[in-house]
Amino acid sequence: EATGFGRVVAARSPSLFAASAGVVHFIAEAGTLVAAGAVLAEIESPELMSKLAQEQSSLLASKSDAARLGITNQRAALEKARELDTARIAQIAALREWQRAERALTVHAISQVDHLRAKDALDAAEILLQAAERDLSLERQAMRLELENRTALVARQASAVAELERQVAALKITAPFAGVVAQLNVADRTNVAANTALLSLVDLAQLELEVSVPEIYSADLSIGLNAE
């Protein structure tokens, strides 16, 4: 049997810190019994709120630009498609004229020069048609890449806004568990820096006993030994 002196302490008594710089306003006073998730203090950070508002405005502008680009791309694609249709109609007309010239040449109704002129017109129409097809394909590729870049920009801006929203949410210091506010480390309405210890919270539901035992009894002690 070993005798010693001890004290009862809370198993959990963490200090809660300021996530950002600002003016702290305590909602719970020392000695207050609080529930898990209760707001214990709030930090006023005009700088952070202003930055969030700016990033949110930039996000709205980025979304608007992306939407406007989509409309512009649709109009450009329609114009290129119209040019392709025009080239296709011209090629069909040139082909019809060349076929007519072919038949006319067999019965000697036109000269060889007129026949060759019809063939040249068909070749030119086919070249313009192929160029219009390539132009439309390249235009669509360029529009897709530009829209992907603009969409990626919106995603990056949205990520920046989400991070700032997380920081703003962290301005509210909440209780990680039910317990008692042990002490306030700074005065109310104090301008604090980031990572400043604001208050400590004690969990009275989980207690530990710290006992000091003379060294001569150390050989008689082991983990799991009952204490009274």
Side-chain angles (χ1 to χ4, degrees), residues 4-72 145-213 223 227:
F5 297 94
R7 61 172 183 166
V8 177
V9 297
R12 293 191 297 176
S13 56
S15 293
L16 304 183
F17 297 84
S20 301
V23 177
V24 61
H25 168 55
F26 289 107
I27 298 175
E29 299 179 352
T32 303
L33 183 64
V34 296
V39 179
L40 308 179
E42 292 181 349
I43 298 176
E44 299 174 0
S45 179
E47 181 180 356
L48 187 58
M49 297 300 295
S50 175
K51 189 174 182 180
L52 174 60
Q54 291 175 2
E55 295 297 337
Q56 288 175 332
S57 177
S58 297
L59 176 59
L60 290 176
S62 297
K63 288 181 176 179
S64 178
D65 289 343
R68 190 179 300 108
L69 177 62
I71 295 174
T72 301
L145 289 175
E146 188 175 4
L147 188 57
E148 287 176 353
N149 291 336
R150 197 65 60 89
T151 302
L153 178 62
V154 171
R156 288 195 296 271
Q157 189 64 37
S159 178
V161 169
E163 172 58 23
L164 284 172
E165 288 176 340
R166 184 195 65 79
Q167 294 179 24
V168 169
L171 294 177
K172 290 186 176 181
I173 312 301
T174 58
F177 51 81
V180 175
V181 177
Q183 65 177 6
L184 306 181
N185 297 331
V186 296
D188 192 35
R189 296 297 177 180
T190 299
N191 195 346
V192 297
N195 299 319
T196 299
L198 301 177
L199 55 88
S200 58
L201 186 67
V202 175
D203 183 4
L204 298 180
Q206 298 184 26
L207 303 177
E208 293 180 348
L209 182 63
E210 294 182 353
V211 180
S212 298
V213 179
I223 296 177

- Decide yes or no for Leu198 and Leu16: does some side-chain heavy atom of the first lie under 4.5 Å from some side-chain heavy atom of the second? no
- Item | Side-chain donor-acceptor pair present, Arg68, Thr72, cut-off under 3.5 Å | no
- Looking at CG of Leu201 and CD1 of Ile173, how far apart are the two atoms once the value is rounded to the nearest 0.5 Å? 12.0 Å
- Message: Do Val186 and Phe26 have side chains that approach each other closer than 4.5 Å (heavy atoms only, starting at C-beta)?
- Response: yes
- Contact summary for Ala193 and Ala18, nearest pair of heavy atoms: O-CB, 3.8 Å
- Would you give the length of the straight line joining atom CZ of Arg166 to atom CG of Leu52, rounded to the nearest 0.5 angstrom? 12.5 Å
- Task: Without swapping roles, check the side chain of Ser62 against the backbone of Ser58 for a donor-acceptor pair under 3.5 Å.
- Result: yes
- Can you check whether Leu171's main-chain N or O pairs, donor with acceptor, with Glu42's side chain at less than 3.5 Å? no
- Query: Does a side-chain heavy-atom distance below 4.5 Å link Glu148 with Thr151?
  - Reply: no
- Straight-line distance of Glu29 CD to Leu199 CG, nearest 0.5 Å: 12.5 Å
- Task: Specify the closest pair of heavy atoms between Ala35 and Ala175, including all atoms of both residues, with the distance to one decimal.
- Result: O-CB, 3.6 Å
- Task: Any chance you could lay out the side-chain contact (heavy atoms from CB on, under 4.5 Å) test for Leu59 and Lys63, step after step, and finish with the verdict?
- Result: CA-CA 6 Å; Leu59 176 59; Lys63 288 181 176 179; 3.9 Å; yes
- Query: Which pair of non-hydrogen atoms, one from Asp188 and one from His25, has the smallest distance, and what is that distance?
  - Reply: OD1-CA, 3.2 Å
- Query: Are Val34 and Val180 side-chain neighbours, meaning at least one heavy-atom pair lies under 4.5 Å?
  - Reply: no
- Taking all non-hydrogen atoms of both residues into account, name the closest pair between Ala182 and Ala30 and its distance. O-CB, 3.9 Å
- Message: Contact between Ile43 and Ser20 at the side-chain level, heavy atoms closer than 4.5 Å - yes or no?
- Response: no
- Item | Between OG1 on residue Thr196 and CG on residue Asn185, distance to nearest 0.5 Å | 9.5 Å
- Task: Could you check if a side-chain atom of Glu47 sits within less than 4.5 angstrom of a side-chain atom of Lys51, using non-hydrogen atoms only?
- Result: no
- Query: Nearest 0.5 Å, what's the CD-CG distance between Glu165 and Leu48?
  - Reply: 11.0 Å
- Query: At what distance, to the nearest 0.5 angstrom, does CG of Leu147 lie from CZ of Arg150?
  - Reply: 8.5 Å
- Message: So which atom in Val202 and which in Ser13 form the shortest heavy-atom distance, rounded to 0.1 Å?
- Response: CG2-CB, 4.1 Å
- Closest approach of Ala28 to Val181 (non-hydrogen atoms, all atoms of both residues): CB-CG2, 4.0 Å
